[in-house]
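What follows is a single structure, written as structure tokens, with notes after it.
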Amino acid sequence: MAWLSDDYRYMARALMLARRGLYGADPNPRVGCVLVRSGRIIGEGWHERAGEPHAEVNALERAGDRARGATAYITLEPCCHQGRTPPCTGALLNAGITRMVAAMPDPNPQVAGRGLAQLQAAGIQVECGLLETEAQALNPGFIQRMTQGLPFIRVKLAMSLDGRTALASGESQWLTGEAARQDVQRLRARSSAILTGIGTVLADDPALNVRLPEASRQPLRIILDTELRTPPTAQTLRLPGSVLIFSGVADPVAQAPLQAAGAEIRVTPRGEWALDLSVVMAELARRECNEIHVECGPTLAGALLQAELVDELVIYLAPVLLGNKARGLFQLPELTRMSQRAKLEILEMRAVGKDWRIALKPVDEKF
């Protein structure tokens with residue numbers, strides 16, 4: 001497809017608008033829309049929150065009658081089914097647009113090309129695939145949940161220059177600087193859920209919440225707690241928002257104090273790593289969780305890697321040394337040959353304040 005320079009310009013604007021829904025659109029995808037007629041933008045919009053109008057409807061509302069004869073640049077194929085809101089294909093048809101350019105098809109099986117076909121059958125010029133890679137990067141969790149039935153799992157860790165996460169005593173606050181900690185808040189805010197293990201809860205009593213003024217919602221907070229040791233007085237149970245505990249304990253008497261404190265408890269089969277992590281992640285996908293943000297210790301981090309459930313690692317590297325008695329990053333089996341080493345691909349590396357942020361993904365299955 002020979003795209004024009006204006007096509008790139010307007011789709012880039014739509015992608016920028018879609019990013020405005022980074023914190024609020026979940027569990028829906030982040031989508032932006034730009035309407036153009038006679039070389040001028042006449043309306044634009046993005047999907048702000050689930051249950052509210054989609055990007056196309058917001059853009060059409062701003063354009064009004066001027067939308068007739070316009071081109072719509074949309075970062076995701078328009079929906080053609082009744083969900084929380086009416087289908088966007090109908091809104092586009094009623095508005096009288098004559099051309100629609102989508103960045104990518106919708107991976108939702110309820111759409112999956114049907115929206116494009118519906119518009120094309122109605123006589124609209126339909127094109128798809130402009131800046132598709134950039135559009136996919138906006139919604140890794142939504143795409144993975146729709147295509148694989150699993151959320152996108154991002155594990156955040158912080159380490160010293162010698163690869164340690166905490167002193168032998170467990171003390172770790174604060175390994176990184178304020179800029180890195182604020183960056184973590186942004187990762188939390190874009191996630192459907194924040195997950196940790198019982199070891200971190202007992203050691204640090206974390207809040208697991210988002211502390212950004214621009215964040216419009218609190219992600220689901222999740223604790224993996226095989227033996228149900230979470231204290232009913234845990235800080236995270238006293239904060240606004242929902243808490244879900246996965247446990248292997250089915251005893252109603254043991255569950256009662258935590259339920260009284262506001263937690264939901266989901267009894268889960270035990271697996272190779274205490275709880276069956278694949279069952280946990282499939283359940284979270286069923287609950288429409290797109291991106292899971294994990295903050296945990298070396299045991300759970302290693303278990304997720306070995307279960308091949310990590311899609312991205314975000315590691316904050318602090319320019320400090322903690323010594324060889326300090327705690328390591330992952331608990332993994334001992335290797336006897338260098339050929340056994342697990343490989344990671346560096347996706348991004350940049351400075352965040354005085355620290356470095358390294359984003360990586362596993363590239364093999366040798367954990």
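Side chains included, hydrogens not; waters and symmetry mates left out as well; all remaining heavy atoms used.
Considering CZ of Arg145 and CG of Leu150, their distance stands at 11.5 Å, rounded to 0.5 Å. The line from CG of Leu208 to OG1 of Thr236 is 4.5 Å long, rounded to the nearest 0.5 Å. Rounded to the nearest 0.5 angstrom, Leu157 CG and Glu295 CD are separated by 9.0 Å.
Side-chain atoms of Asp106 and Leu116, non-hydrogen and from C-beta on, never get closer than 4.5 Å to each other.
Figure legend: cation-pi geometry between Arg181 and Trp174, with NZ or CZ positioned under 6.0 Å from the six-membered ring centre and within 45° of its axis.
Using a 4.5 Å cut-off between side-chain heavy atoms of Ile, Leu, Val, Met, Phe, Trp and Tyr, Met146 falls into a hydrophobic cluster with Phe142.
If you check the side chains of Asp225 and Thr230, you find a donor sitting under 3.5 Å from an acceptor. Of the N and O atoms on the side chains of Asp355 and Thr176, not one donor lies less than 3.5 Å from an acceptor on the other residue.
Crowding of Arg19 atom CZ: a count of heavy atoms from other residues, nucleotides or ligands under 6.0 Å not exceeding 12. Residue Arg286 places its CZ atom among more than 12 non-hydrogen atoms of other residues, nucleotides or ligands, all under 6.0 Å distant. In the displayed structure, Glu61 atom CD is contacted under 6.0 Å by at most 12 heavy atoms of other residues, nucleotides or ligands.
Ile265 and Val253 are members of different hydrophobic clusters when ILVMFWY side chains are connected at heavy-atom separations under 4.5 Å.
Under a 4.0 Å N-O distance rule, the pair Glu312/Arg154 qualifies as a salt bridge.
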